Amino acid sequence: MSSYKYEVITPDGKTKTGTIESPDQDAASTELRNAGNVVVSIAKAGALTKDIEISIGKPVKPRELGVFCRQFESILGAGVTVIEALSMLAEQQENKKFKAAIEDVRDLVQRGSPLAEAMMEHPKIFPEIMIHMIAAGEASGALDVAFNRMSVYFEKDAHLRGLIMKSMIYPIVLILVIIGVVIIMMVKIVPSFTATFDEIDAELPAITLAVVAISNWMVHSWYWLIGGIVLIVFFCKEFKKTERGAVLFGRIGLKLPLFGTLTIKNAASRLTRTLSTLMASGIAVVDAIGICEKIMGNEIVRQVMRLAQKQVMEGISLSIPLEESGVFPPMVYHMVRIGEETGNMEAMLDKIADYYDEEVEMATQSLMAALEPLIIVLMALIVVPIILAVMMPMFSLYNAIG
C-alpha cells in the first residue's frame with residue numbers, strides 16, 4: 001500500500017485535500033470518484049508531502065465535553081442561533097485543540113452543513129455517540145434535548161473515570177516509592193558493604209550472595225534492565241493491537257483478581273447508559289449496539305456486542321446474547337428482558353446504569369481498600385530480604401570480634 005496526495009471537489013462543492021492509502025494511483029482515483037468526488041489532482045506522496053498531524057493542546061476529556069454540551073443547551077434555550085453559540089463557546093474555550101475544532105465546526109455550519117455532519121470532520125474530538133445524538137436532535141427539532149442528554153452522559157462518565165483515577169493515585173505513588181527504595185538500596189547501600197564483606201573472608205549466607213550478585217548486575221548492567229523493560233512494554237503494546245493480543249488481554253482483564261469485577265461492572269454501566277441515551281433519541285437498537293461496541297475498552301465485551309448486534313438484526317431479543325455471553329451480571333439481562341417485554345426499555349436501562357454506577361464506586365473503594373495492605377506486604381517482602389542480606393554478615397562479624 002502506498003500513500004497518495006490528492007485534491008478533490010466534494011459532492012457539496014467544497015475543495016478538500018488529504019492523503020489516501022491505496023495499492024496504486026488508479027485504485028486511489030477510483031476510490032475517490034466512487035465517493036462522489038471530482039478528482040482535481042492526485043500524486044504519490046513523498047516524505048515531504050504526506051499529511052503530518054501535529055497535536056496542539058491537551059486531549060479533550062469527557063468532563064470538557066459535558067461542560068460544552070451543558071453550555072450549548074443553555075445558550076440554545078436562550079434563543080441564540082447555533083452559529084452564535086459555537087462562536088461563544090469557542091471564544092471561552094481554553095483547550096486549543098478543542099477550540100480549533102469548534103471554530104472549524106462553526107465555519108462548516110456557516111457554509112450550510114448540518115451540525116452533526118460538521119462534527120463528523122473531527123472524530124477524535126466529538127465521539128460517535130455525540131454525533132448520532134445531535135443528528136437525531138436536528139432531525140426531531142429537539143437539539144437542546146439532545147445536548148441535555150449528552151451532558152448527563154459525559155458528566156457521569158467523567159465522574160466514574162475521575163473516581164477510578166483518584167483511587168489509583170495512592171497505590172501508584174506507593175509502588176513508585178518501593179521501586180525507588182529498592183534501586184537506592186541495590187545501587188548505593190549494598191555496594192558500600194561489599195568491600196566489608198570481602199574483608200571478612202568468611203562464608204556468606206546464601207541470601208547475601210544472591211543480593212550482592214543482583215546488586216553487581218544492576219550496577220554494571222543496568223542498561224540491560226532498562227532495555228528489557230522498554231522491550232517488554234513495547235511488545236505488550238504491539239501485541240495488544242493484534243486480534244489475538246486484544247482477546248488475551250481482554251480475558252485477563254475480566255478474570256484478574258480484584259480488577260475483574262470492576263471491569264465487568266464498569267462495562268455494564270457504560271453499555272446500559274449508552275444504550276439508554278441513544279434509544280431515548282430514537283436511534284434504532286441495532287445502530288445503538290454498534291456504537292456501544294466501539295466505546296468498549298475490553299475486546300471480549302466488544303465481541304459480545306458484535307454478536308448481539310448480529311442476532312438482534314436477525315430478530316433475536318437483546319437479552320438473549322447478553323445472557324449467553326456469560327460476561328454480564330444476571331441483573332443486566334434480566335432487566336433488559338423486562339424492558340423488552342414491557343416496551344419500557346429506556347427506563348429500565350437507566351435504572352441499570354444508575355445501579356451499576358453505584359456498584360462501580362463501591363467496587364473501586366473495595367479495590368483500593370484491598371490494594372493498600374497488599375502493596376505494603378509486597379514492600380516488606382522485597383525490602384526485608386535485602387536488609388537481612390546486609391545485616392546477617394555484620395552480626396557474624398560482631399560475634400567473631402566478641
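From a predicted model like this one, the values you see are computed outputs, not experimental measurements. All residue numbers refer to positions in the sequence shown, counting from 1.
- No donor-acceptor pair under 3.5 Å is formed between the side chain of S215 and the backbone N or O of V211.
- At least one side-chain heavy atom of M185 sits less than 4.5 Å from a side-chain heavy atom of V181.
- Closest approach of G250 and I300 over heavy atoms only: C-CG1, 3.7 Å.
- With respect to R63 and D157, no salt bridge is recorded, no charged nitrogen being found less than 4.0 Å from a carboxylate O.
- The backbone N or O of A90 lies less than 3.5 Å from no partner atom in the side chain of E103, so there is not a single donor-acceptor pair.
- Residue F239 comes nearest to R244 through the heavy atom pair CZ-C, 4.2 Å, listed as atom of the first residue, atom of the second, then distance.
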Begin from the C-alpha positions of L275 and V336 and carry the test side chain to side chain contact (heavy atoms under 4.5 Å, CB included) through to its verdict.
-> CA-CA 11 Å; L275 271 179; V336 170; over 6 Å; no
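- Listed by chain and number, the residues in a side chain to side chain donor-acceptor pair (under 3.5 Å) with Q311 amount to none (sequence neighbours excluded).
- In this structure, the side chain of R106 does not engage the main chain of I83 through any donor-acceptor pair within 3.5 Å.
- Taking CG from L174 and CG from L371, the interatomic distance works out to 10.0 Å, rounded to the nearest 0.5 Å.
- For the pair P191 and V219, the tightest heavy-atom approach, listed with the atom from each and the gap, is CG-CG2, 4.1 Å.
- Panel note: side chain T272, backbone S269; a donor-acceptor pair is recorded below 3.5 Å.
- Using a 4.5 Å heavy-atom threshold, the side chains of M279 and V285 count as touching.
- A salt bridge links R70 to E73: at least one charged side-chain nitrogen sits closer than 4.0 Å to a carboxylate oxygen.
- Rounded to the nearest 0.5 Å, atoms OG (S113) and CE (M120) are 11.0 Å apart.
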Steps toward side chain to side chain contact (heavy atoms under 4.5 Å, CB included) verdict (D287, H132) = CA-CA 10 Å; D287 296 329; H132 281 278; 5.7 Å; no
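- Within a 6.0 Å sphere centred on CE of M335, other residues, nucleotides and ligands contribute more than 12 heavy atoms.
- For F68 and F154, the gap between ring centers reaches or exceeds 6.0 Å.
- In this structure the side chain of L378 never reaches within 4.5 angstrom of the side chain of L374, judged on heavy atoms.
- The CD1 atom of I125 sits 9.0 Å away from the CD atom of E64 when rounded to the nearest 0.5 Å.
- In this structure, S317 and E340 approach most closely via the heavy-atom pair CB-OE1, 3.3 Å.
- Without hydrogens or angle criteria, N148 side chain to D144 main chain gives no donor-acceptor distance under 3.5 Å.
- Atom NZ of K124 and atom NZ of K97 lie 6.5 Å apart (nearest 0.5 Å).
- Looking at F126 and I134, their side chains never come closer than 4.5 Å, going by heavy atoms from C-beta outward.
- The two residues P171 and I375 have their closest heavy-atom pair at CB-CD1, 3.5 Å.
- Classification of E299 and R306 as a salt-bridged pair holds, one side-chain N sitting under 4.0 Å from a carboxylate O.
- Counting only heavy atoms from C-beta outward, the side chains of L367 and T261 never approach each other to under 4.5 Å.
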Start with the C-alpha distance between I214 and M218, add both sets of side-chain angles, then the distance that settles side chain to side chain contact (heavy atoms under 4.5 Å, CB included), and finish with yes or no.
-> CA-CA 6 Å; I214 295 172; M218 290 182 66; 4.1 Å; yes
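- Panel note: side chain E117, backbone P114; no donor-acceptor pair is recorded below 3.5 Å.
- Residue M133 forms a side chain to side chain contact (heavy atoms under 4.5 Å, CB included) with just one option from E128, E138, M150, and that option is M150.
- Heavy-atom contacts from other residues, nucleotides or ligands closer than 6.0 Å to CD of Q92 number more than 12.
- Looking at every heavy atom in both residues, K265 comes nearest to A363 through CD-CB, 4.3 Å.
- Counting heavy atoms from C-beta on, the side chains of D354 and R273 come closer than 4.5 Å.
- Taking the charged nitrogens against the carboxylate oxygens, K241 and E238 do have a contact shorter than 4.0 Å, which makes a salt bridge.
- Separation of atoms NZ (K156) and NE2 (H159) is listed at 8.0 Å; rounding is to 0.5 Å.
- Distance CG/L254 to CG/L262: 11.5 Å, rounded to 0.5 Å.
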Side-chain donor/acceptor pairs under 3.5 Å, residues 324-333, sequence neighbours excluded:
unit_1 : atom_1 : unit_2 : atom_2 : d
S325   : OG     : L322   : O      : 2.7
S325   : OG     : V327   : N      : 3.3

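- Side chain to side chain, H122 and D104 meet the donor-acceptor criterion of an N or O pair below 3.5 Å.
- The side-chain heavy atoms of L225 and W217, taken from C-beta on, include a pair separated by under 4.5 Å.
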Walk me through it: do L86 and F72 pass the test side chain to side chain contact (heavy atoms under 4.5 Å, CB included)?
-> CA-CA 8 Å; L86 289 168; F72 213 128; 3.5 Å; yes
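- Residue pairs meeting the side chain to side chain donor-acceptor pair (under 3.5 Å) criterion with at least one partner in residues 77-86, sequence neighbours excluded, are T81-E84.
- By the 4.5 Å heavy-atom criterion applied to side chains, L143 and V82 are counted as neighbours.
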